[in-house]
Amino acid sequence: MSNSPQQLAKASKATIQAVRGMNDLLPKDAPLWQFLEDVTREVFEQYGYCLMRTPIVEPTPLYVRSLGEVTDVVEKEMYSFEDGLSGEKLTLRPEATAGLVRAAIEHNLLYDGPKRIWTWGPMFRHERPQKGRYRQFHQFGVEALGFAGPDVDAEQITMLARLWKRLGFSNIELQINSIGDLAARKAHRDALVVYFEAHQDQLDEDAKRRLYTNPLRTLDSKNPKMQDLANAAPKLADYLGEAERAHFDGVKSRLDAAGVVYQVNPRLVRGFDYYNRTVFEFIGRGNDWELAIAGGGRYDGLVEKMGGKPAPSCGFGIGVERVIMLLQETRQPSSSMLDAYVVYAAEAEAQACGIAEQLRDCGLAVAVHGAADGGIGSFKSQMKKADGSGARFAIILGSDELATGKISLKNLADGEQALATLDEAILLLQSISSPST
RNA sequence: GUGGCCGUGGUGUAGCGGUUAGCACUACGGAUUGUGAUUCCGUCAGCGAGGGUUCGAUUCCCUUCGGCCACCCCA
């Protein structure tokens, strides 16, 4: 019904836009993303985490089983559809953990012991878009599968703290909490429901709606009228057993030892059902916003629940777009990676391309001038382009250079220009070329 | 998903029933022989889309698409 011939005809005239909440990464923003990807990979590798990748599309039941049937994500935010060709029920992944766990089980990844892994890519959730919240967004996902002790919890939190430091962030807040094991959570939840039922008359609309679905959220209510009620409610901490408390203490003492500053937030919870014990969240603050930039926790039962052998685990996700927002506020745009920009007269066009190829053979980054209209333009306009490209040097090929068999090499930073042979130019360019190329 | 605010060249904006839709930045071209700045001159480029009201709509109304904010939730 949404694609009547009339509507299609109309649509065919209008320009086609990107799907709502799904953004293009434009060239001007790419360097920042690449910087973040590079630094993140380096930090993860420092801790022995290995890259792996899973498909963007998974069978829908994977998420229903792992995240929990009554979670918001599963109930109303998943891009689920039926493959018209096979009839399979599929879902665009809303998070990374379930797919990684599925793959770990499918390939028996844990047969010779626990594994530290990470991944990265787009995730999809059908929410109303806002700043820092998109329908296609990107996450780094990190999982330590098969580790039972509090050491990996602390390791991952410490790793994130190191990442923020490497990225130059200072205004990051860390909140941690223990939500206990399943039994403790269930006992606490039941007590909460009983408590709220006994105070039905004081509940606001949200609280009533969430009474049986997500009573924990009511503890976090922003409604001032609910504060007293929430404060007097049963506390999760009182339901934690000895082992759970010891685990949490283990995490905290390791963070203390590593010098990682944190705040215990007894109301911190996660949106997915599979979490237990340690949960944590890093809050980033920009000029006019405050959002979680990374969050995670322990999920001791998930691997077993998904059909694998029991493998207590811990993991987290980083919101790439949100980290990029912070980077945009704290970092200057990075400079071009070009070593040279070739400017040439019409009769030197063939030589320009040839010389550029020879320079690239030597590992240099070289752009050859090209104009929108297919011509090449004056030397003046070519030099403007050379300047705008951010290249360190301009290589000038005109009739004079052709006649002498040399090239002119102009340092765009200080304006120095000299004639040189190609070999001399290569040596000079290599000596100032950035080592990463 | 609910409620609210908002869509003017690539960017930031002025105008708000009849205007050649103004300004700034950017881009492009030029200011004597083959050279990046500044300055000066010039040029390109816009009312998100679709209906309606009207003699006439960028301006008013509706729908839609998109952005942002709050809620919800979360990275």
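Here the structure is a predicted model, which means the values were calculated and not measured. Each chain gets a letter, A, B and so on, in the order the sequences are listed, and its residues count up from 1.
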Can you tell me, in whole Å, how much space there is between the [atom1] of [N] and that of [M]?
N	M	atom1	answer
B/rU11	B/rA70	C1'	28 Å
B/rG30	B/rU35	C1'	16 Å
B/rG4	B/rC44	P	43 Å
B/rG22	B/rG15	P	14 Å
B/rU58	B/rG52	P	14 Å
B/rG51	B/rU43	C1'	36 Å
B/rU39	B/rG1	P	50 Å
B/rA49	B/rA37	C1'	43 Å

Base, sugar-phosphate alone, or nothing: which one does [X] contact when heavy atoms must sit under 4.0 Å apart?
X	result
A/Ile318	nothing
A/Ala294	sugar-phosphate
A/Ala292	sugar-phosphate

Return the value, rounded to whole Å, for the distance between atom [atom1] of [X] and atom [atom2] of [N].
X	N	atom1	atom2	result
A/Trp164	B/rA75	CH2	P	13 Å
A/Lys76	B/rG1	NZ	P	11 Å
A/Ile293	B/rA75	CD1	P	13 Å
A/Arg135	B/rG66	CZ	C1'	11 Å
A/Asp414	B/rA37	CG	P	16 Å
A/Arg93	B/rA75	CZ	C1'	13 Å
A/Phe282	B/rA75	CZ	P	14 Å
A/Asn411	B/rG36	CG	C1'	12 Å

Quiz item: Taking atom CZ of A/Arg53 as the centre, does the number of heavy atoms from other residues, nucleotides or ligands within less than 6.0 Å exceed 12?
Solution: no

Practice problem: Not counting sequence neighbours, list each pair that qualifies as a salt bridge (charged side-chain N to carboxylate O under 4.0 Å, His left out) and has a residue in residues 413-433 of chain A. | Solution: none

Residues in salt bridge (charged side-chain N to carboxylate O under 4.0 Å, His left out) contact with [X], at least two apart in sequence or another chain:
X	value
A/Glu37	none
A/Lys384	none
A/Lys235	none

Quiz item: For A/His369 and A/Tyr344, does a side-chain donor sit closer than 3.5 Å to a side-chain acceptor?
Solution: no

Partner set under side-chain contact (heavy atoms from CB on, under 4.5 Å) for [X], not counting sequence neighbours:
X	value
A/Glu347	A/Ala345, A/Ser399, A/Leu402
A/Glu290	A/Ile283, A/Arg285
A/Lys252	A/Ile176, A/Phe248, A/Asp249, A/Tyr262, A/Val264
A/Lys305	none

Under-3.5 Å N/O pairs linking protein and nucleotides 39-42 of chain B:
none

Exercise. Run the salt-bridge test on A/Arg277 and A/Glu244 with the 4.0 Å N-O cut-off and return the result as yes or no.
Key: no

Quiz item: For the ring pair A/Trp118 and A/Tyr49, is the centre-to-centre distance below 6.0 Å?
Solution: no

Practice problem: On the 0 to 90° scale, with breaks at 30° and 60°, tag the A/Phe280-A/Phe282 ring pair as parallel, tilted or perpendicular. | Solution: perpendicular

Quiz item: Hey, does A/Asn411 have a side-chain heavy atom less than 4.5 Å from the side chain of A/Arg392?
Solution: no

Exercise. Check the pair A/Trp120 / A/Phe140 against ring-ring contact (aromatic ring centres under 6.0 Å, His included), numbers first and verdict last.
Key: CA-CA 4 Å; A/Trp120 117 274; A/Phe140 290 99; 5.0 Å; yes

Between the protein and nucleotides 67-69 of chain B, list the N/O to N/O atom pairs that are separated by less than 3.5 angstrom.
{"from": "B/rG67", "atom 1": "OP1", "to": "A/Gly21", "atom 2": "N", "distance (Å)": "3.3"}
{"from": "B/rG67", "atom 1": "OP2", "to": "A/Arg20", "atom 2": "NE", "distance (Å)": "2.8"}
{"from": "B/rC69", "atom 1": "OP2", "to": "A/Lys131", "atom 2": "N", "distance (Å)": "2.7"}

Self-check item: 5′-ward residue of the pair A/His126/A/Gly415 relative to RNA chain B
Solution: A/His126

Quiz prompt | Which residue lies more 5' along RNA chain B, comparing A/Ala413 with A/Glu281 via nearest heavy atoms | solution = A/Ala413

Self-check item: Dot-bracket summary - RNA chain B, pairs being Watson-Crick or G-U whose distances fall under 3.5 Å, with | when paired to another strand
Solution: (((((((..((((....[...)))).(((((.......)))))....(((((..]....))))))))))))....

Quiz item: Is any side-chain N or O of A/Gln17 under 3.5 Å from a base N or O of B/rA49, one able to act as donor and the other as acceptor?
Solution: no

Practice problem: Run the numbers on A/Gln351 and A/Glu349 for side-chain hydrogen bond (donor to acceptor under 3.5 Å, both in side chains), then give the verdict. | Solution: CA-CA 5 Å; A/Gln351 285 85 347; A/Glu349 180 167 5; over 6 Å; no

Practice problem: Let me have a per-nucleotide readout for nucleotides 24-34 of chain B, 5' to 3', with B, S or -, counting only protein heavy atoms under 4.0 Å. | Solution: ---SSSS---B

